[in-house]
Number of protein chains: 2
Amino acid sequence: MENYNSNFYIPHNQIDFPSIDDPFYKYQNNGYMMDYSSLHQQNFHKKYIPNQVTPYWPKEPIIRKSSVCQTPIVTLDDYPGEFNFQFSLPVNECFRTNLMYSKKLLKVYIKMGHVLPMRFSWSSFHGDFWLRTTMVFREDHDRSIPVQRCYAHMASDLPYNQNINASQLQHVFRTGNVRSYYHCNNGILSTLTPLNNPVVGLKDVPIDFLFYCKNSCPTGINRRPTMMVFTLESQTGQVLGRRSLQVQICSCPKRDKERDENDLQNPKAKRSQEKKSVSNPPPVPPPEEDTESSIEEDQNVYSLKLDVLGEENYKAVLKYAYDIMAGYAVRTGNFEILKKCSEELHLCF
Amino acid sequence: MENYNSNFYIPHNQIDFPSIDDPFYKYQNNGYMMDYSSLHQQNFHKKYIPNQVTPYWPKEPIIRKSSVCQTPIVTLDDYPGEFNFQFSLPVNECFRTNLMYSKKLLKVYIKMGHVLPMRFSWSSFHGDFWLRTTMVFREDHDRSIPVQRCYAHMASDLPYNQNINASQLQHVFRTGNVRSYYHCNNGILSTLTPLNNPVVGLKDVPIDFLFYCKNSCPTGINRRPTMMVFTLESQTGQVLGRRSLQVQICSCPKRDKERDENDLQNPKAKRSQEKKSVSNPPPVPPPEEDTESSIEEDQNVYSLKLDVLGEENYKAVLKYAYDIMAGYAVRTGNFEILKKCSEELHLCF
DNA sequence: TTACAAGTTT
DNA sequence: AAACTTGTAA
Ligand SMILES: [Zn+2]
Ligand SMILES: [Zn+2]
């Protein structure tokens, strides 16, 4: 429990997923089969997979006497607490077709079957800490209703419902950490994951979340907005910190994010009209550039902290930072520095 | 088994439906609750309910040695057979918000939870006949796949899944006849209903169908087109006649029917443009009419058979026929003739 | 009845 | 990515 390697991820080859090349794949997609494509992309979250491969159910679990939380969720308010509990999401994961993050709305849009690679940090390097993750309905009047999977996604003949522990079946999300507990308190479901201190050189602990139902599902979440609430707990279940994040599991993260952001700016405006003029701006020729480079390669690493106005600009800066380092890596053959720097690019909440 | 009264319908008060006035009704509508409103309208299919009320599961069922059909469905072709097997739908039920019939497409659009009041006729007045009803996928490549309810609609805690026989749970439709068998042959589901000869004065036998899933349901029909196949069977399960009807269980029968008919006429045309100009025709002032009536009331009944060009015209003629008789009924107080004549208005397939 | 939401198809 | 479908809400 002292080293990074106990934060294990599910090895792909141990999940009973049909091959994407299976000719029945399309045919079996009867509306509630999962899109496994992300889980078949060899490099999808490669950097999170430690070298060591462990069985899905570990023989020596990290034990807590009780998985009960001392104070069930009554508020969503952020509470860093005495350990300055924080979470983040690697920026290079934030603007993909399968996972979009809206900085304006502080909201994650993610497709079912895909990975939300969260990072968590707290200021103590000693003691046993746990992460509890609970999905709740965002609206006050739904807050006490348990968030559970729909009937269709709980069907036991679905491939991703086989070879799982019975306690996982109703959970909308599962973690990538095989040592997580799947807890149920009066129908309110949560996961409880041991938080080991970050490995040397990293300042936070990665924990993946995978989603097995959608926000739109009838008999389940049924189109209601949801949040994931992360609490830092002590070994005895005392709440030491709390952070929450709005999450929507949907089929078109990009579209839905753009729609929501547009609604925020233009309430009650005719959406279809607005979008058209936004998505089809008049073409502007790119400015001429001098791409000649005569600068010596500099081996030093400079820490940079800056605020950028506007998400597009923000993303552009990030992309540029990544690309310029990629150019460096290609020229020098030093891909290590690229890997390290790009992992440092986190989106903090 | 010799009289009309053995074609019983489910008495409303014996179905375990929540009251429409229940304050939880709206709240419980989590996407897969049924719209019970039709079943609460006192007069909805009043005329089909015989005076005698029978328990939902009859104590003395009409027995067939085996519910197996000698020749399972391999074709959808119409086959009147030696008994001239026919079916029809009362026209006054054909153009409602809950049930639309497209004469162009020979297709029924019906909301879940609502009644399709079919009528069946055959030319023999002696012997024991049975109606088998099977729902199949319209497309050849899906024909052999069983049509069953989705997981969400099979949930046992839904009110309309309680107090039913286990054999009914997977069936997309149920009949209004309590003596129907619910058969399963390798997953292919069908109902088998005793066909008693029509009562004196009627020329066909009414059988209601109620729907408990939708064509759009994931893990169920999943947006595939379906047909209901009706076969006339002998006491030994020999097929004596066959008729089929395209049925789509959906939330907006009128809209979907109009869309389909529009698609038929304007294949690949921009639908949204077309519909707008169709649904908002330029206003035309109605022609002046002389509504003075100086004709003596005629007590004779005249049989009429005619073909009308165009569905709107066809409906207009039917409505006019109904209304003119209604006027007669109001003037004379003879509502019997109205009832009898309007029931004669059937839409034959 | 219209507009919207959100999954699926092209 | 755009268009279409189809359930739901206003
Ligand atoms: Zn679901
Ligand atoms: Zn269904």
Side-chain angles (χ1 to χ4, degrees), chain A residues 25-35 37 95-98 100 109-113 139 150 152-153 211 213-226 248-263 266-276 278-281, chain B residues 25-35 37 96-98 100 109-114 150 152-153 211 213-225 248-260 262-263 266-276 278-280:
Chain A
Y25 174 75
K26 195 66 183 173
Y27 179 72
Q28 288 173 344
N29 184 354
N30 64 349
Y32 272 153
M33 293 293 282
M34 184 175 277
D35 173 12
S37 54
F95 307 101
R96 299 172 173 268
T97 52
N98 298 325
M100 292 293 286
Y109 301 77
I110 189 167
K111 286 188 187 176
M112 192 175 126
E139 305 304 326
C150 70
H153 282 128
F211 297 88
C213 200
K214 296 178 194 166
N215 274 62
S216 60
C217 283
T219 74
I221 300 174
N222 198 33
R223 302 184 310 285
R224 287 170 288 189
T226 50
Q248 174 171 318
I249 314 150
C250 57
S251 298
C252 305
K254 186 165 185 287
R255 177 189 64 180
D256 294 352
K257 174 202 168 193
E258 287 171 352
R259 172 171 45 71
D260 287 353
E261 291 189 342
N262 207 44
D263 280 357
N266 303 46
K268 302 195 178 186
K270 278 294 167 200
R271 196 172 295 134
S272 51
Q273 313 294 343
E274 297 296 329
K275 275 185 73 176
K276 192 154 193 176
V278 167
S279 61
N280 293 330
Chain B
Y25 173 76
K26 197 67 183 172
Y27 179 72
Q28 288 173 344
N29 184 354
N30 64 349
Y32 273 155
M33 293 293 283
M34 184 174 277
D35 172 12
S37 54
R96 298 172 173 270
T97 53
N98 298 325
M100 292 292 288
Y109 301 77
I110 189 167
K111 285 188 187 176
M112 191 176 126
H114 290 260
C150 70
H153 282 128
F211 298 88
C213 200
K214 296 178 194 166
N215 274 62
S216 61
C217 284
T219 74
I221 300 175
N222 197 34
R223 301 183 311 284
R224 288 170 287 189
Q248 174 171 318
I249 314 150
C250 57
S251 297
C252 306
K254 186 166 185 288
R255 176 188 66 181
D256 294 351
K257 174 201 168 195
E258 287 171 353
R259 172 173 43 72
D260 287 352
N262 207 44
D263 280 358
N266 304 44
K268 303 196 177 185
K270 278 294 169 199
R271 196 172 293 134
S272 53
Q273 315 293 345
E274 298 295 330
K275 274 187 76 175
K276 192 154 191 176
V278 167
S279 61
N280 294 331

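Everything numeric here is computed off the predicted structure, so don't read it as measured data. Because only heavy atoms are used, hydrogens play no part in the values below, and waters and symmetry mates are left out as well, while side chains stay in. Lettering of chains follows the sequences in order, A, B, ..., and the numbering in each one begins at 1.
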What's the [atom1]-[atom2] distance between [X] and [N], to the nearest Å?
{"X": "Arg255(B)", "N": "dT8(D)", "atom1": "CZ", "atom2": "P", "result": "11 Å"}
{"X": "Glu258(A)", "N": "dA1(D)", "atom1": "CD", "atom2": "C1'", "result": "10 Å"}
{"X": "Asp260(A)", "N": "dA6(C)", "atom1": "CG", "atom2": "P", "result": "8 Å"}
{"X": "Arg224(A)", "N": "dA5(C)", "atom1": "CZ", "atom2": "C1'", "result": "16 Å"}
{"X": "Ile221(B)", "N": "dT6(D)", "atom1": "CD1", "atom2": "C1'", "result": "14 Å"}
{"X": "Asp256(B)", "N": "dG7(D)", "atom1": "CG", "atom2": "P", "result": "7 Å"}

Taking only the side-chain nitrogens and oxygens of [X], find out if one of them lies under 4.0 Å from OP1 or OP2 of [N].
{"X": "Lys214(B)", "N": "dT8(D)", "answer": "yes"}
{"X": "Arg223(B)", "N": "dC4(D)", "answer": "no"}
{"X": "Lys257(B)", "N": "dT6(D)", "answer": "no"}
{"X": "Arg259(B)", "N": "dT6(D)", "answer": "yes"}

Q: Would you mind classifying the nucleic acid contact of Cys250(A) as base, sugar-phosphate or nothing, using non-hydrogen atoms under 4.0 angstrom?
A: sugar-phosphate
I want to verify a distance call: between [options], whose nearest atom is closest to the [X] side chain?
{"X": "Lys254(A)", "options": "dT8(D), dC4(D), dA1(D)", "result": "dA1(D)"}
{"X": "Ser216(A)", "options": "dA6(C), dA5(C), dT1(C)", "result": "dA6(C)"}
{"X": "Asp263(A)", "options": "dG7(D), dA5(C), dT8(C)", "result": "dA5(C)"}

Q) Looking only at atom types and distance, does a side-chain atom of Asn215(A) sit under 3.5 Å from a main-chain N or O of Arg224(A), one as donor and one as acceptor? A) yes
**Q.** NZ-OG distance between Lys111(A) and Ser251(A), expressed to the nearest 0.5 angstrom
**A.** 7.5 Å
Q: Show the numbers, then the answer: is there a side-chain contact (heavy atoms from CB on, under 4.5 Å) between Lys257(A) and Phe95(A)?
A: CA-CA 11 Å; Lys257(A) 174 202 168 193; Phe95(A) 307 101; 4.0 Å; yes
Q: Start with the C-alpha distance between Met112(A) and His153(A), add both sets of side-chain angles, then the distance that settles side-chain contact (heavy atoms from CB on, under 4.5 Å), and finish with yes or no.
A: CA-CA 11 Å; Met112(A) 192 175 126; His153(A) 282 128; 3.4 Å; yes
